[in-house]
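A, B, ... follow the sequence lines: proteins, then strands. Residue 1 opens every chain.
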Amino acid sequence: MLLADVAAASTAVAATRSRLAKRAVLVDVLRRAAADGPQDVAIVSRYLGGELRQRRTGLGWRSLTSLPEPADTPSLTAADVDAAFAAMAELAGPGSAGARTAAAAELFGAATQDEQRLLRGLVTGELRQGALDALLLDAVAEAAGVPAGAVRRAAMLAGETEAVAVAALAAPTPEAATEALDAFTLTVGRPVRPMLAQSAPDVATALAGLAQGDAPAGEVVVDTKLDGIRIQVHRDGDDVRVYTRSLDDITARVPEIVAAVRLLPAQRLVLDGEALTLDDAGRPRPFQETASRSATRDAELAGSASLTPFFFDVLHVDGRDLLDAPLRERLAVLDQVAAPHVVDRVVTADPAVAAEHFRAVVAAGQEGVVVKAYDAPYEAGRRGAAWVKVKPRHTLDLVVLAVEWGSGRRAGTLSNIHLGARDPAGGFVMLGKTFKGMTDEMLAWQTERFLALAQSREPWGVVVRPEQVVEIAFDGLQRSTRYPGGLALRFARVLRYRDDKPASEADTIDAVRALAAG
DNA sequence: TTCCGACAGTGGGGTCGCAAT
DNA sequence: ATTGCGACCCCACTATCGGAA
């Protein structure tokens with residue numbers, strides 16, 4: 001199949017907001033790819049989902065700043081493009097950057113304007129066609145004539161979409177496709193997409209969200225939420241593999257987790273949990289230390305810092321699949337097979353008990369809690385309503401120092417605001433930026449407001465007179481080398497603009513430092 | 001007919017390894 | 001030795017479509 005066919009489909013998908021219309025376009029091109037063979041289905045399904053088949057190519061947005069003019073006529077096949085990126089992914093060592101740039105120039109030079117747009121989107125991971133993996137799975141189902149649920153489940157269990165698309169579309173009949181999809185089962189050693197949580201502002205709201213209609217939630221699990229990295233651990237005897245949330249295999253980087261899992265009583269296991277670094281007293285170290293330890297490839301270099309695994313779910317044990325078992329059953333098994341590496345929890349129907357657990361774990365330095373429906377199955381890959389996270393929230397009244405022009409649907413509006421705390425000695429100390437929490441109405445208002453406050457216009461936005469106070473919510477403070485105060489906000493978002501408060505009454509950097517000191 | 005679940009988009013800070021400077 | 005880029009760890013929140021109720 002020609003890349004031009006894929007690019008035309010992507011353009012058509014981007015041109016409509018209707019998901020049904022997007023799906024129809026995807027179905028058409030998937031069917032044509034299937035007629036060309038499984039290799040084309042593999043490539044085309046990846047590209048339509050917004051990804052390259054290579055996890056890392058060494059190319060990013062910066063590498064694409066100067067590229068040749070587009071070709072007038074299409075010539076590239078999907079297979080050509082995949083081979084070109086595969087070759088780039090292999091490049092390493094001195095001179096590789098130049099060779100990669102040359103290879104990219106050759107590829108993009110052979111691509112038409114439409115094809116360049118597609119390739120650029122795939123390289124940067126920002127295709128912006130309004131359809132990614134989820135809609136693609138729906139399209140695969142329709143193209144193969146099978147229920148969407150069957151395709152989705154296969155993809156969750158496979159941990160990827162490409163193989164599922166290939167299997168479903170290679171089948172000559174819907175019956176054969178169903179059979180092919182049923183062959184994707186939970187397999188020890190092959191990661192599944194992790195179940196995700198929704199969020200709620202407090203424990204009471206989380207419990208209300210789990211209630212069925214007018215009936216109260218009944219017994220729920222209140223799990224401790226640890227501030228580390230998500231891990232999915234597969235054990236088959238002495239063979240232990242550790243995967244991240246994005247299903248990256250980090251086994252080689254975390255020998256201490258492998259060793260801990262080998263000490264557990266069950267021989268075949270799939271566990272879901274979190275890994276983090278602890279201090280001598282067993283309290284969690286800052287997330288940045290966990291991130292550093294888990295990103296260091298050479299375990300020898302990591303020194304004394306060590307990751308401790310804690311598990312909150314079990315998906316398989318010694319031949320028994322537990323994905324569809326209620327959480328109640330899974331936890332009973334977890335306590336048998338994963339002690340002492342089990343997340344601390346309470347089971348209760350009493351909102352007061354749940355709230356007390358939240359208070360206690362936060363006091364112990366943990367991130368918060370995850371409230372879970374006691375009888376829900378493990379919904380791989382879903383951000384289902386069965387898990388609801390609750391974290392403490394801090395707020396500050398900060399001053400807007402500058403604003404950046406937005407992109408995409410925010411093009412033409414001033415979007416990303418720079419935030420400063422008041423320095424009692426004079427001026428403001430920048431603590432970070434945020435674009436979150438803004439409605440379209442707020443974006444329109446702030447565009448006008450900050451243009452009026454503009455002191456200077458820059459290519460990226462405007463620097464403003466420091467007069468507008470904004471109430472900011474955030475999860476905590478972290479060490480920063482980027483900002484002058486040595487501190488940065490974590491997960492900052494706008495709550496509201498405060499027109500009742502002058503900048504002279506904004507929160508001070510001293511108050512922020514006091515908060516950081518705990 | 002209205003409601004709401006699921007998606008995609010819009011970006012944030014920090015960490016590492018690697019190649020170029 | 002330092003710098004910049006790419007990849008990936010943690011993410012929150014809003015608008016929208018279309019099926020559920």
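Across dG13(B), dA19(B), dA8(B), the shortest atom-to-atom separation from the side chain of Ala488(A) is found for dG13(B). Of the candidate nucleotides dG12(B), dG13(B), dG4(C), dG12(B) has the atom lying nearest to any side-chain atom of Phe435(A). Candidate nucleotides dT16(C), dC16(B), dA8(B) were compared by shortest atom distance to the side chain of Thr296(A), and dC16(B) ranks first. Residue Glu404(A) has its side chain nearest to dG12(B) when only dG9(B), dG12(B), dG13(B) are considered. Distances were taken from every side-chain heavy atom of Gln288(A) (C-beta onward) to each of dT15(B), dG13(B), dA7(C); the shortest belongs to dT15(B). Closest to the side chain of Arg56(A), from the set dC5(C), dA7(C), dA19(B), is dA7(C). Nearest to the side chain of Ser407(A), among dG11(B), dA8(B), dC11(C), sits dG11(B). Between dA12(C), dG4(C), dT10(B), one nucleotide has an atom nearer to the side chain of Lys391(A) than all others, and that is dA12(C). Residue Ser292(A) places its side chain closer to dC16(B) than to any other of dC16(B), dC5(C), dC7(B). Taking only side-chain atoms of Arg479(A), from C-beta outward, the nucleotide of dC11(C), dG4(C), dT15(B) with the closest atom is dT15(B).
Asp248(A) comes within contact range of the sugar-phosphate backbone alone, with a heavy-atom separation under 4.0 Å but no base atom that close. Counting any heavy atom pair closer than 4.0 Å across all strands shown, Ser294(A) reaches no nucleic acid atom. Ala385(A) comes within 4.0 angstrom of no nucleic acid atom, judged by non-hydrogen atoms across all strands. Within 4.0 Å (heavy atoms only), Gly384(A) reaches no atom of the nucleic acid at all. Residue Gln129(A) is in sugar-phosphate contact alone, with no base atom involved, counting any heavy-atom pair closer than 4.0 Å across all strands shown. Residue-level contact check: Ala92(A) touches the backbone only, with heavy atoms under 4.0 Å from sugar-phosphate atoms and none from bases. Across all strands shown, Ser415(A) has heavy atoms under 4.0 Å from sugar-phosphate atoms exclusively, and none from any base. Residue-level contact check: Thr434(A) touches neither bases nor backbone, having no heavy atom under 4.0 Å from any strand.
Residue Arg490(A) is the one, among Gly95(A) and Arg490(A), whose nearest nucleotide of DNA chain B lies closer to the 5' end (criterion: closest heavy atom). Looking at which nucleotide of DNA chain C each of Arg410(A) and Phe491(A) is closest to, the 5′-most match is held by Phe491(A). Across the interface with DNA chain C, nearest-nucleotide mapping of Arg245(A) and Leu20(A) shows Arg245(A) to be the residue nearer the 5′ end. Toward the 5' end of DNA chain B, the nearer of the two residues Pro94(A) and Leu487(A), judged by each one's closest nucleotide, is Leu487(A).
Spacing between atom CD of Glu289(A) and atom C1' of dC16(B) amounts to 15 Å, rounded to whole angstrom units. Leu127(A) has its CG atom 12 Å from the P atom of dT10(B), to the nearest Å. Note: CD1 (Ile250(A)) to C1' (dC10(C)) measures 13 Å, nearest angstrom. Atom pair Leu247(A):CG and dA7(C):P shows a separation of 18 Å (rounding to whole Å applied). If you measure from atom CD of Gln198(A) to atom P of dC11(C), you get 15 Å, rounded to the nearest angstrom. We find that CZ of Arg193(A) is positioned 13 Å from C1' of dC7(B), with the value rounded to whole Å. For the pair Lys436(A) NZ and dT14(C) C1', the interatomic distance rounds to 13 Å; values are reported in whole Å. Regarding Met430(A), its CE atom lies at a distance of 7 Å from the P atom of dG13(B), rounded to whole Å.
Dashed line: the shortest gap from a side-chain N or O of Thr57(A) to OP1 or OP2 of dA7(C) is under 4.0 Å. Considering only side-chain N and O atoms, Ser96(A) lies nowhere under 4.0 angstrom from the phosphate OP1 or OP2 of dC18(B). The side chain of Arg128(A) contributes an N or O atom lying less than 4.0 Å from OP1 or OP2 of dT10(B). Residue Lys22(A) has no polar side-chain atom (N or O) positioned under 4.0 Å from OP1 or OP2 of dC7(B). In terms of phosphate contacts, Asn416(A) brings a side-chain nitrogen or oxygen within less than 4.0 Å of OP1 or OP2 of dG12(B). Between dG13(B) and Arg482(A), a contact under 4.0 Å exists linking OP1 or OP2 to a side-chain N or O. Between Arg55(A) and dC8(C) there is a side-chain polar atom (N or O) within less than 4.0 angstrom of OP1 or OP2.
Atom CZ of Arg393(A) sits in a sparse spot, with 12 or fewer heavy atoms from other residues, nucleotides or ligands closer than 6.0 Å. Counted within 6.0 Å of CZ on Arg479(A), heavy atoms from surrounding residues, nucleotides or ligands total 12 or fewer; the atom is thus considered open. The environment of CZ in Arg457(A) is sparse: at most 12 heavy-atom neighbours from other residues, nucleotides or ligands sit within 6.0 Å. Residue Glu90(A) qualifies as open at atom CD: its count of foreign heavy atoms under 6.0 Å is 12 or below.
Atom NZ of Lys436(A) and atom CD1 of Ile472(A) lie 10.5 Å apart (nearest 0.5 Å). Annotation: the span from Gln478(A) atom CD to Gln288(A) atom CD amounts to 5.0 Å, rounded to 0.5 Å. Remark: Phe312(A) CZ to Lys225(A) NZ distance equals 8.5 Å, nearest 0.5 Å.
Judged by a 6.0 Å distance limit and a 45° cone about the ring axis, Arg490(A) is positioned over the six-membered ring of Phe287(A).
Across the strands present, dC7(B) finds no partner; the criterion is a Watson-Crick or G-U wobble pair with both atom distances under 3.5 angstrom.
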